[in-house]
K.L.:
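Please read through the structure below; I'll follow up with questions.
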Number of protein chains: 2
Amino acid sequence: MNMTPVTGDVRQRILNTGQVIIGGKGFSAVGLNEILKAAEVPKGSFYHYFSSKEAFGEALLEDYFSDYLAQTEERLTQPGASHAERLLSYWAHWRDTQHHCDPSGKCLAVKLAAEVSDLSERMRRVLQHGTERIIARLAQSIEAAAADGSLPQSVNIHGSALELATTLYQLWLGASLRAKITRDRVPLDAALKATYALLNLDPNLSLTQERTQS
Amino acid sequence: MNMTPVTGDVRQRILNTGQVIIGGKGFSAVGLNEILKAAEVPKGSFYHYFSSKEAFGEALLEDYFSDYLAQTEERLTQPGASHAERLLSYWAHWRDTQHHCDPSGKCLAVKLAAEVSDLSERMRRVLQHGTERIIARLAQSIEAAAADGSLPQSVNIHGSALELATTLYQLWLGASLRAKITRDRVPLDAALKATYALLNLDPNLSLTQERTQS
DNA sequence: CGCCTGATTAGACCAGTCGTCTATAAGGGG
DNA sequence: CCCCTTATAGACGACTGGTCTAATCAGGCG
């Protein structure tokens with residue numbers, strides 16, 4: 001009766017391998033054949049699950065953001081830490097996952113935004129919605145951090161939490177983009193430092209190194 | 001005897017039309033045919049001027065950064081303004097040129113960085129060198145602005161001018177990337193505001209609107 | 001004028017693109 | 001047992017991709 005688990009098996013495998021390959025080479029540069037061969041899925045099946053390459057791209061982005069948001073939610077609610085600490089843990093994790101070249105850890109938003117937003121209106125909208133939700137989630141934590149006192153009150157002078165979250169997210173987007181160019185972590189370290197500055201935090205507040213809760 | 005102007009005529013035309021088209025659609029998504037037809041250059045000629053599409057991409061980026069740096073140099077040395085004003089004029093100009101969809105005003109660094117840096121090591125290096133030069137030029141102006149007193153002295157607390165320039169450039173890179181997603185100027189306005197904050201400047205210091213020198 | 005040399009172009013080439021289409025296989029329900 | 005929907009399988013079409021060889025052209029010199 002519930003048919004999605006059955007179809008979802010193959011469909012999800014296409015999405016997963018597609019995410020790795022497209023996350024590495026981009027959208028236009030990758031052909032369906034390459035993905036399908038890697039996923040060991042015949043071509044005929046592809047068009048059973050997706051009506052076109054563009055529709056597949058949409059599903060890919062939706063799937064990606066869905067996972068990413070769940071993962072972020074978990075990180076921003078980990079127990080035994082203040083909201084500010086959780087936020088810093090989020091960005092420290094971003095830095096640690098983006099600087100080395102883990103193929104499956106690539107951020108699709110960074111990789112595909114520029115290429116895809118001029119190519120497909122539908123994919124652009126998925127990107128827009130996804131990034132908006134991430135920023136909104138960050139803003140929520142920023143507000144909570146201001147409320148629980150783990151952020152200096154002077155932060156709110158700069159504007160609303162949503163604005164601050166927007167700025168910080170874009171800062172990290174740009175840092176990740178430049179890290180792709182330089183292939184080192186310098187851009188991300190600069191972003192982390194700027195994050196401390198924009199949040200009016202003491203730069204030596206530790207947590208620059210990611211750590212599990214003790 | 002000087003043959004480059006003759007060959008350069010066709011070569012440059014390929015580069016110019018290529019910049020517009022690739023700046024709009026990306027690198028992999030555009031075929032040589034499209035560029036050459038638009039430039040009214042026969043296909044066979046292409047490989048007389050460029051040894052491959054990748055080599056063309058390199059030349060394209062070099063040409064772009066060369067123009068961009070010259071334009072930036074001019075803006076950062078315009079007479080009758082303090083160094084801080086010139087810097088703010090630079091970013092205000094960035095905002096004004098990126099938010100609307102002028103096809104030839106597209107920033108190739110934003111458009112191509114993610115796509116190309118994993119695709120071609122040679123193109124990646126051109127991007128790296130180009131962005132490094134821009135950042136270095138910005139750092140030079142930041143230092144000058146600190147020296148002539150048009151920036152608050154408190155700015156230097158955050159670190160060296162090069163670090164600050166790196167952060168600001170990446171901030172704008174990310175803002176432009178997100179502006180491609182949202183198709184409005186909100187991300188760029190946020191970046192301008194954050195720029196004021198990172199430079200410890202009064203947000204109401206005018207110059208948020210671009211203006212010609214009076 | 002005739003020839004030669006190098007710059008320029010025309011178009012063939014094949015691998016690869018997305019997407020379509022027919023044919024087969026699997027899995028229940030009646 | 002048949003039927004019907006869902007899913008798999010991959011050949012095929014029309015087309016475009018980047019690349020390269022072979023022909024053309026321009027023009028200076030003998």
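Note on naming: letters A, B, ... go to the chains in the order of the sequence lines (proteins, then strands), and numbering restarts at 1 for each one.
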K.L.:
What is the distance, rounded to the nearest whole Å, between atom CZ of B:Phe56 and atom P of D:dG17?
P.N.:
14 Å
K.L.:
Just the rounded figure in Å: distance from P of D:dT6 to CG of A:Asp9.
P.N.:
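In whole Å, D:dT6 P and A:Asp9 CG are 18 Å from each other.
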K.L.:
Quick one: label B:Val30 by what it contacts on the DNA or RNA (base, sugar-phosphate, nothing), any heavy atom closer than 4.0 Å.
P.N.:
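Since only primed, P, OP1 and OP2 atoms lie under 4.0 Å of B:Val30, the category is sugar-phosphate.
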K.L.:
Kindly say whether A:Glu74 contributes a backbone atom to a donor-acceptor pair with the side chain of A:Arg86 at under 3.5 angstrom?
P.N.:
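It does not hold such a pair.
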K.L.:
Quick check, are the ring centers of B:Tyr169 and B:Trp94 under 6.0 angstrom apart?
P.N.:
yes
K.L.:
Which part of the nucleic acid, if any, lies within contact of B:Gly31, taking any heavy atom under 4.0 Å across all strands shown: a base, the sugar-phosphate backbone alone, or nothing?
P.N.:
sugar-phosphate
K.L.:
Is any side-chain N or O of B:Lys43 under 3.5 Å from a base N or O of C:dG11, one able to act as donor and the other as acceptor?
P.N.:
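Result: no qualifying N/O pair found.
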K.L.:
Look at the side chain of A:His48 and decide which nucleotide, out of D:dT6, C:dT8, D:dT19, has an atom nearest to it.
P.N.:
D:dT6
K.L.:
Return the value, rounded to whole Å, for the distance between atom CZ of B:Arg11 and atom P of C:dT9.
P.N.:
15 Å
K.L.:
Taking the six-membered ring for Trp and the single ring otherwise, decide whether the centroids of B:Phe56 and B:Phe46 are under 6.0 Å apart.
P.N.:
yes
K.L.:
Looking at D:dG10, C:dT9, D:dT6, which one has an atom nearest to any side-chain atom of B:Pro42?
P.N.:
C:dT9
K.L.:
For a quick check of understanding: with a heavy-atom distance under 4.0 Å over all strands, which category does A:Lys53 fall into, base, sugar-phosphate or nothing?
P.N.:
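If one applies the 4.0 Å heavy-atom cut-off, A:Lys53 turns out to touch the sugar-phosphate alone, with no base involved.
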K.L.:
Whole-Å distance between C:dG19 P and A:Leu32 CG?
P.N.:
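A:Leu32 atom CG is separated from C:dG19 atom P by 7 Å.
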K.L.:
Return the nearest nucleotide to the side chain of B:Tyr47; candidates are D:dG18, C:dA7, C:dC18.
P.N.:
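Closest nucleotide among those given: D:dG18.
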K.L.:
Figure out the CD/P separation between B:Glu40 and C:dT8, and round it to whole Å.
P.N.:
18 Å
K.L.:
Taking only the side-chain nitrogens and oxygens of B:Asn33, find out if one of them lies under 4.0 Å from OP1 or OP2 of D:dG17.
P.N.:
yes
K.L.:
Can you measure B:Phe27 atom CZ to D:dG18 atom P for me and round it to whole angstrom units?
P.N.:
8 Å
K.L.:
Under 4.0 Å from OP1 or OP2 of D:dT8: is there any side-chain N or O of A:Tyr49 that close?
P.N.:
yes
K.L.:
Can a side chain N or O of B:Ser45 be found less than 4.0 Å away from OP1 or OP2 on C:dT9?
P.N.:
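For C:dT9, OP1/OP2 do have a side-chain N/O of B:Ser45 under 4.0 Å.
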K.L.:
Ring of B:Tyr64, cation from B:Lys106 - is the NZ or CZ under 6.0 Å from the centre and inside 45° of the axis?
P.N.:
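Not satisfied by the 6.0 Å and 45° rule.
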K.L.:
Could you tell me the separation between the CZ atom of A:Phe46 and the P atom of C:dC18, rounded to a whole number of Å?
P.N.:
9 Å
K.L.:
Are B:Arg125 and B:Glu58 close enough for a salt bridge, meaning some N to O gap below 4.0 Å?
P.N.:
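The answer is no: the pair does not qualify as a salt bridge.
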K.L.:
Write down the distance between CZ (B:Arg13) and P (C:dT8), rounded to a whole number of angstrom.
P.N.:
13 Å
